Structures are given as structure tokens and as C-alpha cells.
There are 2 protein chains.
Amino acid sequence: MGTTTLETVPEPKYWHLKTVLSDALDSEFAVGEILPNERELAARFGVARATLRQALEQLELEGRLQRRRGVGTTVAPPRVGVDVGPAQGGAQGWPGSAADVWHTEGHEDTAPPAAVARLLETAEDTPVHAVRRSRTSGGQPVATEVLYVPGASVPGLPADSGEDTETSGVARARAVLRELHRLALDGQDRSVELGSARADDARRLDRLPGAPVLVVTTRYVVDRRTAAVGVATFRADTCRLNFADTGADPVLAG
Amino acid sequence: MGTTTLETVPEPKYWHLKTVLSDALDSEFAVGEILPNERELAARFGVARATLRQALEQLELEGRLQRRRGVGTTVAPPRVGVDVGPAQGGAQGWPGSAADVWHTEGHEDTAPPAAVARLLETAEDTPVHAVRRSRTSGGQPVATEVLYVPGASVPGLPADSGEDTETSGVARARAVLRELHRLALDGQDRSVELGSARADDARRLDRLPGAPVLVVTTRYVVDRRTAAVGVATFRADTCRLNFADTGADPVLAG
DNA sequence: AAGTGGTCTAGACCACGTA
DNA sequence: ACGTGGTCTAGACCACTTT
């Protein structure tokens, strides 16, 4: 009796907490500022630490917070926009040409993952060239990529000299890219999906295993066949992927 | 002494559990099959339910599982590829033309979110047309979108007749789209980022609030200015976004 | 050594879908 | 009414970074 129309569903505590914290971040904290530690925050809001953590996890997922073990929780800067559209490659859209923002790190001969082998139309256990590249923004690693290139796509590549792998890996990777540039690229298509970082990618991205990542799979088409496949893994918490899908000229105001 | 190089870091239980479950899903379960409930799975693996849930959450994030309160946990089908590239629109790339896969649901006059207002170069509190659309795949909702159109972009639009909002909303939405089609589209650019579903979007996508979503922001450029902005929210667990970034003809083998 | 976030436990109760 | 997944608690210990 006397209760007005309050019969709304009870909002979960962590959800409400997230809203409160989000507002506080907007109004009371500056980028880079460190928050009180989890035990104190939980006490301050009168909830268990696990509940508070549920709210923090969401905010980290949305790129609002950055948490680091042994250090603390800080307010994250706005997400950085990274260009992944077709315009960013070199003259013909191949990776590694012109003012490419990627950094070539190494080369390996390895059997590609099943999904990649399917795209390349090669047998699953056939080793292909795997060129590892990485990308940073503002000193922070934002992406790591492996470009899979079947040997058949780069027939002109000289045989592996077999020198010490550490240094010659980069040279060989560059050689693979150089050979690729000789091919006339018909086009490329990309797909984006959510994934969780494998242990090795997590290390490269300075994250924990399982961290949310955006996986961009690029298929390079030459002569109506897939000549190469790139699998790039972007930190989902810090990145916004830009596609300049402009039909004609890139107008791109601002 | 005698210990070989085994000094690796102890893998977290939930991480190992995830691997075990993932392998089991590949070999012992069919798509759609329901798993034992969480309490039994936890007992079977000798871990607390919270730990098991951590593994299940990861697998759901990766699109391997689907969990529904009151029902159970089922093996998810492979992610569906949804086309969001520039080719999918009508003759000129505008939404709502030709064989558009989106379903127009309604119209509202509302002030856009701050981020959208910035793109539209309008004041934050200026109401604009908001056309709500949705998209399904295989009977399941996969995306919900709001297209924000400033009144200045569609000057030919007749005044709101003010009839009952339920039915006339769709008609008015269609009228806005029709007016848009009269404009010569210079181009469009998109960005993709990870987000978490707001309460209303979550309901539309048949998910819980906070569920991971891929947010696709599309900017429609007319005469070097932003004529409209679309904000589409895709279920991250079930969707893979396809961008046909082909420079020339879409070759798109397979 | 101290302090942080990350993992894990063993319970309890709630909201939801189905029978 | 029952069984499911979702929320929440109050602890404990671990891994990591910094002092």
C-alpha cells in the first residue's frame, strides 16, 4: 500500500555499480589516474570483492579501465582508432609495402590452423610461410599478426639459407613479402570476430591469456584464388577498427 | 636436480578446463546438444562451480557454447558470417534500399548519444530522426541498429502526422529512408569496436545486459558532410562480420 | 616485504523457462 | 514445482610488481 509503481525488476548489483563507477570516471577522474584498490572499493560500496570485480571487468572490456596485476587499476585513455581498410596497404594493397604501419618481426615454416588451411585450399599439414608482424600505437602494442603464404604463391623465393634463425627470420620474412608484391592483387576481403587471446598472443599484447581480442582475417585474392591469408589479433579493450569503405575517393572529413 | 625443464608457470584451472571442454566439444558433442548442468560438470571435474563457470564464459564468448537461464547450456553452431561491407546496400549504398537484409521497425525523434552528435556535427540536445532496424539470421536475432538522420539531411520529409505511434512509426521510418535515397552518397566509412549490450539492446538480441557485442558505426557522407550515422549492435558470440573490401570486382570465390 | 590484481572455494539465494 | 543458469558472499591463497 502506498508503494508507487516500483515493481521494476531488481537491477543486479554489479550492473548498478558499473553505472555508478562509469559516471564517477567521467566526472571525478583523469586519464591515467589510479583508482583505490579492489578491497577498498568493495568495502566503500558495501559489496563483496567478487561483485566489484564483475563491474570492473565490464568497464575494462569497454575500454574505460586498465588493470594490471601487481600495479593497480587506472583510468584508460579513449580507444585508439586503427585503420584496417584497404587503403592502408601499399600501391596494390599488399601488406608490407610503402608506409606500412606494421613491423615485420620474423618468419617460420609451419602448418597453418585448420581454418586458414581451408581458406588457402591446402592440406592441413602442409607447412606454409608464416610471417609474424606486430603493430603498436603510442608505445603500446595493439596488434599481432601472422600472414600465411603457401609456397606456391611465391615460387621465386630462394631456398632457405638455414642461417641462424633469430636474425635471418626477419630477412626471410621480408623476402616473402617482396615476392608477394610481384603478384597482381585482385582484391581482398576481411572478416572481424571476437576471440580470446591465446597464451602467446597475450604475452605479445601485454595482456593475460583469454583477454578479449578482435580477430581480423584477411584473404588476399590473386587470379581468383587465395594467395595469402592474414590473421591479425587486436586488443579489444584499446582498439577501434576503422574501415574506410568509401566507394570512390576517401572523403573522410575531420 | 633431476628435474627437467618443467618449471613452467602453473596454468590456471579454468584455462586448462576450457581446453579440455573445447576438445570434448569437438569430439564428443553435436551442435545443439545440451551439456550436463553446471553443478554436475563442476563436480565431475572436481572444481568449484565458479571456476567451471569461468571456463564456460570463455567458451561462450568464443561462440562455442550457448547458455540460457532456465534452459541449459547447448553446443553452439559455427558463427554466422554477416555482410556489412559497402556492397550490401542498394544501388548507392544507402540503407533500406533494394534487397536490404535489415527489417525496419520504427521511428523516433530523439537526441542522439554524444558520440553520434559529434559525428553529425549537431548540438547534443538537438533531436534527430532515429530509425530503428533489426536483422535476423536463421530465425535468431543477430543485430539491432539505430540510424540517426538530422532533419537537415531530409528537408523534403513531410511533417509528422502524429497518428498512433505504433503503426505509423514504421511508415515514418520508411519515409525517412526514402528521402535519404534521393541524396547522392559520396561514400561511407565504418568502425568496429567491442561493447557490452545495454539493457534494451540485450532484450532485442535475446541476451542478458552486458553481453559482448560488436558495435559497428557507419558514417554516410554526402557532399563532404556527414548526412547520417548508423550504430549497429551485433551479437559478438554468434556473428562474424564480413567486409568485402575488394578494390575492383568482388571475386569472392567460394 | 608489502601491496596489487588474479584465482579459487563452498556455500546461499534469485530469476527464468518449462512442465 | 522443479531445474536451469545468474548473482552474491566472505573468505583464502597465489602471481606479480614495486619498494
Side-chain angles (χ1 to χ4, degrees), chain A residues 7-19 21 32-61 64-76 196-197 199 202-203 206-212 237, chain B residues 7-19 21 32-61 64-76 196-197 199 202-203 206-212 237:
Chain A
E7 32 254 76
T8 68
V9 283
E11 200 175 40
K13 272 189 190 178
Y14 78 91
W15 186 259
H16 180 242
L17 205 55
K18 181 193 138 183
T19 313
L21 284 168
E33 196 167 348
I34 61 177
L35 268 61
N37 70 56
E38 297 183 349
R39 289 161 180 88
E40 174 169 346
L41 277 178
R44 187 179 300 187
F45 287 107
V47 299
R49 193 177 152 220
T51 304
L52 174 85
R53 277 179 61 82
Q54 224 175 327
L56 293 184
E57 267 152 33
Q58 285 250 356
L59 289 170
E60 189 178 29
L61 191 90
R64 306 287 312 270
L65 291 179
Q66 189 153 0
R67 301 193 290 171
R68 291 204 282 174
R69 166 150 53 174
V71 181
T73 302
T74 59
V75 181
S196 47
R203 206 175 336 104
D206 191 23
R207 298 264 65 197
L208 291 175
D237 55 344
Chain B
E7 30 256 77
T8 69
V9 285
E11 200 175 39
K13 271 190 190 177
Y14 79 91
W15 187 259
H16 180 243
L17 205 57
K18 181 194 138 182
T19 313
L21 284 169
E33 196 169 346
I34 61 178
L35 268 61
N37 71 55
E38 296 183 351
R39 288 161 180 87
E40 173 167 347
L41 278 178
R44 187 179 300 185
F45 287 105
V47 299
R49 193 178 152 219
T51 303
L52 174 85
R53 278 179 61 81
Q54 225 175 327
L56 293 185
E57 267 152 33
Q58 285 250 358
L59 289 170
E60 189 180 28
L61 192 89
R64 306 288 312 270
L65 291 179
Q66 189 152 2
R67 302 192 292 170
R68 293 210 285 178
R69 166 149 56 175
V71 180
T73 302
T74 59
V75 181
S196 49
R203 208 176 333 105
D206 191 23
R207 298 262 67 195
L208 290 175
D237 56 342

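Each chain gets a letter, A, B and so on, in the order its sequence line appears, and its residues count up from 1. The model shown is predicted, which means the values in this text are computed figures rather than measured ones.
Partners of A:R53 under the salt bridge (Lys or Arg N to Asp or Glu O under 4.0 Å) rule, at least two apart in sequence or in another chain, are A:E38, A:E57. For B:R68, the salt bridge (Lys or Arg N to Asp or Glu O under 4.0 Å) criterion is met by B:D206, not counting sequence neighbours. Applying the side-chain contact (heavy atoms from CB on, under 4.5 Å) test to B:R203 and every residue at least two apart in sequence or in another chain returns B:D200. For B:T74, the side-chain contact (heavy atoms from CB on, under 4.5 Å) partners two or more places apart in sequence, or in a different chain, are B:I34, B:Q66. With sequence neighbours excluded, the residues satisfying side-chain contact (heavy atoms from CB on, under 4.5 Å) with B:T73 are B:L35, B:L65, B:R67. The salt bridge (Lys or Arg N to Asp or Glu O under 4.0 Å) search around B:R207 returns B:E60, B:D237, not counting sequence neighbours. Listed by chain and number, the residues in a side-chain contact (heavy atoms from CB on, under 4.5 Å) with B:P212 are A:L194, B:L61, B:L194, B:A236 (sequence neighbours excluded).
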query: Does the side-chain contact (heavy atoms from CB on, under 4.5 Å) test come out yes or no for B:L21 and B:R64, once each step is laid out?
result: CA-CA 10 Å; B:L21 284 169; B:R64 306 288 312 270; over 6 Å; no
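Rounded to whole Å, atom P of C:dG6 lies 11 Å from atom CG of A:L65. Atom CD1 of A:I34 and atom P of D:dT17 are 17 Å apart (whole Å). For the pair B:R207 CZ and C:dG17 P, the computed distance is 12 Å after rounding to whole Å. Taking atom CG of A:L208 as the reference point, atom C1' of C:dT4 lies 13 Å away to the nearest angstrom. Rounded to an integer number of Å, the gap from NZ of A:K18 to C1' of D:dT7 is 16 Å. Taking atom CD of A:E60 as the reference point, atom C1' of C:dT4 lies 14 Å away to the nearest angstrom. For A:E57 and C:dG5, the CD to C1' distance is 11 Å, given to the nearest whole Å.
Contact check, A:N37 against C:dT4: a side-chain N or O comes under 4.0 Å of OP1 or OP2. Between A:R53 and C:dG5 there is no side-chain N or O to OP1 or OP2 distance below 4.0 Å.
Taking 4.5 Å as the limit, some side-chain heavy atom of B:R44 sits within range of a side-chain heavy atom of B:E40.
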Between N or O atoms, less than 3.5 Å apart, protein on one side and nucleotides 8-12 of chain C on the other: list the pairs.
from, atom 1, to, atom 2, distance (Å)
C:dC8, OP1, B:K13, N, 2.2
C:dC8, OP2, B:Y14, N, 3.2
C:dT9, OP1, B:K13, NZ, 2.9
C:dT9, OP2, B:A48, N, 2.8
C:dT9, OP2, B:T51, OG1, 2.4

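Heavy-atom distances under 4.0 Å link DNA chain D to B:R67, B:R68, B:R69, B:G70, B:V71, B:G72, B:T73 of residues 66-75 of chain B, given in residue order.
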